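The next block holds one structure in the form of structure tokens; read it before the comments.
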Amino acid sequence: MKFIRYLIPPPAWRFPVILALGIFAGLFGFSFYVSKAWSYLSDDPKTCVNCHIMAPQYATWTHNSHRQYANCNDCHVPHNNVLNKYFFKARDGMRHSYMFTLRLEPQVIHIKEAGQRVVQNNCIRCHENLLTDEPVLSQTLEAHHNRMDRQCWSCHRETPHGRVNSLSSVPYARVPLPESPVPDWIGRIMKTKK
Amino acid sequence: ASSIVERRAEASFAYSPKNEFSQFEPNSAVWGENFPREYQSYLETSDTSFRSRYGGSATHDMLAEDPRLVVLWAGYAFSTQYNQGRGHQYALADVKNTLRTGAPAPGKASPQPNTCWACKSPDVPRLMNEKGIAEFYKGTWDTKGTEVTHTIGCADCHDSKTMNLHISRPALIEAFERQGKDITKVSHQEMRSLVCAQCHVEYYFDKKQIEGVAYLTFPWDKGMGMDSIEAYYDSHGFTDWTHSISKAPMLKAQHPDYELFQMGTHASRGVSCADCHMPYKSEGSQKFTDHHVQSPLNNVANSCQVCHREETDKLVQDVYVRQEKLIENRDKLEKLLVQSHVEAGKAWELGATESQMKEILIGIRRAQWRWDFSAAGHGNSFHAPVETARIVASGIELAGNARVELARLLATLGWNREVPYPDIETKEKAQKFIGLDMDALNAEKAEFVKNVLPGWK
Amino acid sequence: ASSIVERRAEASFAYSPKNEFSQFEPNSAVWGENFPREYQSYLETSDTSFRSRYGGSATHDMLAEDPRLVVLWAGYAFSTQYNQGRGHQYALADVKNTLRTGAPAPGKASPQPNTCWACKSPDVPRLMNEKGIAEFYKGTWDTKGTEVTHTIGCADCHDSKTMNLHISRPALIEAFERQGKDITKVSHQEMRSLVCAQCHVEYYFDKKQIEGVAYLTFPWDKGMGMDSIEAYYDSHGFTDWTHSISKAPMLKAQHPDYELFQMGTHASRGVSCADCHMPYKSEGSQKFTDHHVQSPLNNVANSCQVCHREETDKLVQDVYVRQEKLIENRDKLEKLLVQSHVEAGKAWELGATESQMKEILIGIRRAQWRWDFSAAGHGNSFHAPVETARIVASGIELAGNARVELARLLATLGWNREVPYPDIETKEKAQKFIGLDMDALNAEKAEFVKNVLPGWK
Ligand SMILES: [Ca+2]
Ligand SMILES: [Ca+2]
């Protein structure tokens, strides 16, 4: 309680501070709303495309066999425990929105080292069965470590984003894809017909 | 927060045309009002500060850097001055200032035809449209000095209605037609190289088709490879000039950028010139083409790294390593060619006959053609390193064979030892060696620049 | 992720049967019981049906395909027989059957040392462990015929406990040490090439270090490039043999696969030999290393296409185009070398002196070294096309220069015209030209195969 009291401003300041806090909260809420920040908490790939600069990755992902099995977060966020997942997300989200707002994003985005480690572990997480060979496993562990120490995408170079990568590399892609290829009005007309 | 709003708005914002102009508008500033991003970046080609190991937009005086060139071109205008190209903003200035176009003055014509304007200005399609193609090429270069006044610009590459890429130069269309290909049927991606192929190609002046006209012609009827072009020239009995020392019937290769590029890995993967030299760029959500045409080494992030994830340094090294490996042997070939020319000169001096010399001189012609084809395209060593290396090696073989024959002939003529290598340490010494009076040439040119050029603005 | 693997391993350890064997177990079938997938695919290297344009596992009789080689190697065992390598299953059979190892018989030794076994069998590390390294190399090749009986196998590349890749050959470790590098510190990815570098490298027999021992040595002290290795040999005053026609002090290059590969694009991107020659393969839900070591052109899907999205045909063409462009000029160099040798032979015949010949012969040595370095690695033209082309071109220059000198010298000696090119249309004619009695050599070898070989099983 004592500690809270320190935070309460002297009476003369109270009004301006409340006002400032209000404006602050309002701005925060507005930003939160406009940038669809709440969606960061979800796993929906469309979240990422809120930023148009993620469009190339989104577009390439939707044309890759992984779109059925793995969303952005399956690869780009740690899955070893829940805390780590949100910590990583928050840290990344902060940098991305900061850079985006200040227009610091480069023409060609490169995944950072920390991100690479996360992705690698996720590839292994899903494909572990394929990467382990029972007869060999029964003799030695090393062969398996050896098999996983290189970045999977140093060979699987087109997985999942293809090789041409720039903010302008997929200009005409529909991002995100329309919810449904059947427009509402057709649905309505068809219903009324019935 | 407001910037987020703004940036989301950008996505739906589009330019509406402000300015109306015709296809033959030579002034890029007029086009530029409608397309400010493209225009602004286009103006940047006037920046001459970037220098890479062998290229870049800073001027390289090639004859000073490598005086052997002077000897290789003895008897030809290139021995007076030759620089490595710089940005498109300088095309007109450079053709006016080079010694190669001579020093026309009232009553004194340029040694060059009007064809020399062909690749320097959007006034060219305009004038061709007004006067006709052959009529444009006709006459000496100085006669159109007052009419060609804008450097390379929008009209050279674009259609004014749609802004689509288009071909403004008849030489390219004609070359396609003679090969039985239809240039209107090519893909958009091919156009992104073909607009460059209007100029960045090997050419010659055909003087046989129309009396008195140096008709710009691309020698591709038998194919675009080095050997096919040579076969074309041979079958047309064509020779650019007779070498003043060896008397060999020489060919000059000029920037076969497009031809050699096609033999490389990138072309085989469908990469186009514009992908590296005019990469796309996004500002906000507006995507546009960077019109600062330049060495990609000054813009690795937007060119190479779109496709390659390596570090900038590593990619630059890739380019340098290839250039070095190629140039090492091209230099050797150059030396062999200097030797061949002076040895042939010696043979004439000692009384060799035409029939003794004939095959030897053809060997020299073929060897130097290979050297020039590999050297004249400043991007060759990277665009198609394996093909360029093949060409250099075959030139070395031919030069070596010619020199073996020369050694035998010289011995027959009583000279059985080395012919001394000339002292051509510097450009000045080399130009003196081949008998050029540079002071006179420079003085004349200065007169031209002072008295004539101002009237050409 | 690794913890999951560990848990699964525990489970597997429990019920899987195991074979115990030592590091020096030369019989791959014993190792194979524990690793059936790897063993099965390993056995497939006995398939000789695949032939690509220049390579593959079908035998190419190189001397028949290109009889000029016979003349280049005059005076050296390679002129008797030389085939392009085939699968690892044949390593032992081929070294026994080649004419190069001669026809040892009771009382008649092989012309080769035991060092020739070094790269053919996992009995080699076993015997070295038992007897010592120098002791192993010592003596003529026939003296270990009964002890070296298993073709290249698991023990050559693997540690028996962990199945990690390991280096079983001292020559590679020693070469690293002399360069001040520690081979135990390399990355796993490097090991995927270094196991191959135990054998697929240029080597020579150092006879100066230990009396009577042809000690296997990799000449890399000054670096692994062509020029550095030449400098090494020059500084050691080393010569493989004296050419029987020209008397030039020759060098022989043997399969510098690893050295040249390192100068290419793939190596610079961290791609290793195993990525193309032993790619992963999936069977059911398991992924394992395909031990059918072979030309990747017989397995484009698992090698190239994992990294490159292009069609098979296109990728195969990529390889062929590079090979063709390289071989075109290598063939020219070969012809120049044949001419140099016969011209030098002619000069000796006409009474040339040692001092007149000295520089010329060094030129021939250096030119042929370049040719051999580019030709002896059968994958060079694809592994590092630009470097290979550089080497070929510099060889052509040297051969041309040597021939100019020879022309002058021959003229001095009174011969001022072409020296006739020998009739070496076929392997037989070429072998006759250099004075080989092939019937005798073949008959002797047949005796050896019939009488001696059966005792070596
Ligand atoms: Ca030309
Ligand atoms: Ca050797």
Side-chain angles (χ1 to χ4, degrees), chain A residues 23-37 49-57 59-60 96-113 115-116 119 151 153-158 161-176, chain B residues 1-15 37-38 41 163 188-189 192 265-266 268-272 274-292 294 296-316:
Chain A
I23 292 172
F24 209 79
L27 272 176
F28 181 79
F30 180 66
S31 307
F32 195 85
Y33 175 74
V34 175
S35 68
K36 302 190 187 169
V49 203
N50 274 344
C51 292
H52 51 79
I53 72 161
M54 296 277 107
Q57 283 75 23
T60 46
H96 296 182
S97 45
Y98 163 80
M99 291 191 70
F100 182 77
T101 309
L102 295 182
R103 299 191 169 214
L104 292 176
E105 77 273 7
Q107 187 70 28
V108 176
I109 299 173
H110 283 277
I111 191 165
K112 304 276 184 303
E113 230 178 283
Q116 291 174 359
V119 175
Q151 290 184 334
W153 57 97
S154 69
C155 293
H156 301 284
R157 296 197 297 170
E158 308 272 355
H161 294 303
R163 289 193 53 215
V164 177
N165 231 328
S166 152
L167 293 192
S168 21
S169 55
V170 283
Y172 308 117
R174 307 290 310 277
V175 178
Chain B
S2 74
S3 73
I4 297 179
V5 176
E6 221 173 77
R7 299 203 63 190
R8 290 189 60 184
E10 275 169 12
S12 51
F13 185 80
Y15 288 103
R37 285 196 174 85
E38 286 79 6
S41 57
M163 285 313 280
H188 169 234
Q189 181 66 357
R192 289 164 51 85
T265 307
H266 284 99
S268 99
R269 295 297 184 262
V271 181
S272 72
D275 286 327
C276 293
H277 291 284
M278 304 181 71
Y280 291 122
K281 210 170 151 172
S282 296
E283 265 178 28
S285 57
Q286 194 65 38
K287 166 187 144 165
F288 71 103
T289 298
D290 188 347
H291 279 61
H292 183 186
Q294 63 171 333
L297 300 188
N298 199 23
N299 188 18
V300 173
N302 291 352
S303 56
C304 321
Q305 285 174 339
V306 169
C307 301
H308 298 282
R309 311 314 255 162
E310 283 77 23
E311 300 287 332
T312 301
D313 276 0
K314 173 127 191 150
L315 289 162
V316 171

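Computed from a prediction, not measured in an experiment: that's the story for all the values here. The figures here come from the full heavy-atom set of this structure, side chains too, leaving out hydrogens, waters and symmetry mates. In what follows, chains carry the letters A, B, and so on, assigned in the order in which the sequence lines appear, proteins first and then strands, with residues in each chain numbered from 1.
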Give me the one residue out of B/Gln305, B/Arg309, B/His308 that meets side-chain contact (heavy atoms from CB on, under 4.5 Å) with A/Asn165.
B/Arg309
Nearest non-hydrogen partners of A/Val164 and B/Cys307, listed with the distance
CG2-SG, 4.1 Å
Taking every heavy atom of B/Ala301 against every heavy atom of A/Val108, the minimum-distance pair comes out as O-CG2, 3.3 Å
Which atoms of A/Ile111 are under 4.5 Å from chain B, going by heavy atoms: the side chain, the backbone, both sets, or neither?
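No part of it gets close to chain B.
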Taking atom CD of B/Glu311 as the centre, does the number of heavy atoms from other residues, nucleotides or ligands within less than 6.0 Å exceed 12?
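No, not enclosed.
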